Amino acid sequence: MIFDDNLKRSILLDHYQNPHNKGLVDDERYHLIHNASESCIDDIKVQMLMEEGKVKDVRFDGVGCTICFASTSIMSDLIKGKSKEEALDIINNYYNMIEEKDYDPDLLEEANAFDTLSKQANRIKCGTIGIHAMEDLIKSYDGQ
Amino acid sequence: MFDVDKIRKDFPIFKNDPGLVYFDSAATSFKPQCVIDAVNDFYTRHTANIHRGDYDNSFIVSKDYDDTRKVVSKLLHNDDPDQIVFTAGATASLNLVAYGYFLDHLKEGDVILLTLAEHASNILPWFEVAKKTKARIEYIPLNEDGTFNIDNYKECLDKYNVRAVSLPYVSNVLGYINPIKEICALAHEKGALVNADGAQAVPHIKVDVMDLDVDFLGFSAHKMLGPSGIGVLYAKKKLLEETTPMMNGGGANARFNKDGEVILKEIPVRFEAGTPNIEGVLGLKKACEYLMDLGMDNIRKHDDEIVRYLIGKLSTLDNVKIYNPRSECSIVAFNVEGIFAQDVGSYLNSLGIAVRTGNHCAKVIDNIIGTTETIRASVYLYNTKEEADKLYGAIRDVTLEKCIGAII
């Protein structure tokens, strides 16, 4: 799935202006991670609820640039409802895309809009800060 | 006559990258050919260690190295070249002041006065010194627009047992010039010492350390046309005599024996242990000479003209908020409504315009201007009105969609 630039732009704009899964919930079953970039504005909190080895819900909130919000919004859609293994597989494929390694575009759906982010070295952090939080949240349920 | 076209010919980067519009000289400046040649000459013609060899090249290089203290002194209107210590840059200078001097001269109950518009390098060493000496840090409240308030400062001096005042001469976020002369006079009345961070001042304005009566002033060469990794600490000699070197080793001692008896070399070389950054010093010398040839007052006039022009243009745009409309020195800080600074920065980059976005190492300034992130355009002696027009045009036409398009 390769998008043209217009489609990429409209995907990112849409997720930035109307982010999905935005707003935290007051529910102690959710695990929470606060990730802030030391080099730019991005400062977000991500929450996750996992039950029976599945990602039941992902929420996020905070301040961030277009890349930060759009990538977090898109990934939250992608991993919701997935098993732990499936979700980590999607996340790893996303990292591989950003690092210009082999990856499976079919797994990434709208996240393919970031397939040239690797060329913007100073924005890679923006495009991974929320995703790193999700990875850590999934792992935080290990052994529970 | 200040001829910017002629000046640009001295900077090879404009020939090598003719499309580049560079408004980030507050981060680092471009280098004129004479500075590059000085560094190169050390590597290709006159390689030698200083003060160690009994041969011509070592004499030549040693003389140039020592003469640099005189040239820097001339730039700073300092009457004693021994008061010039070479460091790795402004941050190293500041650390030498904080750890080398104040660690031994502060005690519980003493107060270190700072402001909230500080670069990290002027806050973090003080946190550490305060922790170790049990001295306390207090912040001088600034005016709403981020400018210095002398009455608030006086009040702090009356209220606290202030021993150290540490401030930027020119703020790297808002470009305001602090009244260092008055600040020093008031501090000295109370027996306090003043450290001024000169990183954004020495490249842009005439600095007269004798007139200011400042106790310590540090700066970096790379922001004033010189090489990276070299800087200066100016300090009054009697204070240098009470400063502990942060590094010991070859070049800093005159005599020592195995029982640990050491006679340190004289000031300032005792602070320059090890083989120093010789080519950096030689480059710094050329940079100072280049600046003095142009004249600091002329440079300031030019910078100011471009800053006023850029602020005038940008302030006609409804979607732009300028945080320092009264900027006094080389810096314009602004944001475009509805678009994060960094997204605008990526868009400008796609047009070949280099600015800095972010918090500029001043993590606590949001208390003052109500935002953590700005776009900072900083001007120097080679910038032109045509370049300002390009920046203005880009900001006038910027949209969120264009910013995203520039990133993906």
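None of these values were measured; they are calculated from a predicted model. The figures here come from the full heavy-atom set of this structure, side chains too, leaving out hydrogens, waters and symmetry mates. A note on names: the letters A, B, ... follow the listed sequences, proteins ahead of strands, and every chain is numbered from 1.
- The number of heavy atoms from other shown groups lying within 6.0 Å of CG (B/Asp318) does not exceed 12.
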A/Tyr16/B/Phe340 under side-chain contact (heavy atoms from CB on, under 4.5 Å): CA gap, chis, key distance, verdict: CA-CA 12 Å; A/Tyr16 175 63; B/Phe340 274 113; 3.4 Å; yes

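- The environment of A/Asp27 atom CG is dense: over 12 non-hydrogen atoms of other residues, nucleotides or ligands sit within 6.0 angstrom.
- In plain terms, the two heavy atoms of B/Gln342 and A/Cys126 that are nearest each other are OE1-SG, 3.7 Å.
- Taking both residues in full, the closest heavy atoms of B/Ile407 and A/Gln120 are given as O-CG, 3.2 Å, listed atom of the first, atom of the second, then distance.
- Heavy-atom pairs under 4.5 Å with chain B peak, among A/Ile67, A/Thr66, A/Thr116, at A/Thr66.
- Heavy-atom neighbours of A/Lys45 NZ from other residues, nucleotides or ligands within 6.0 Å: at or below the threshold of 12.
- Rounding to the nearest 0.5 Å places OG1 of B/Thr357 at 8.0 Å from CG of A/Asn122.
- Within a 6.0 Å sphere centred on CD of A/Glu51, other residues, nucleotides and ligands contribute more than 12 heavy atoms.
- Of all non-hydrogen atoms in B/Glu401 and A/Arg9, the two that sit nearest each other are O-CD, 3.2 Å.
- Other residues, nucleotides and ligands contribute at most 12 non-hydrogen atoms within 6.0 Å of the NZ atom of A/Lys54.
- Of the atoms belonging to A/Arg123, it is side-chain heavy atoms, and not backbone ones, that fall under 4.5 Å from chain B.
- Within the 4.5 angstrom heavy-atom criterion, no atom of B/Ala341 approaches chain A.
- With a 4.5 angstrom heavy-atom cutoff, A/Ala70 does not touch chain B via any of its atoms.
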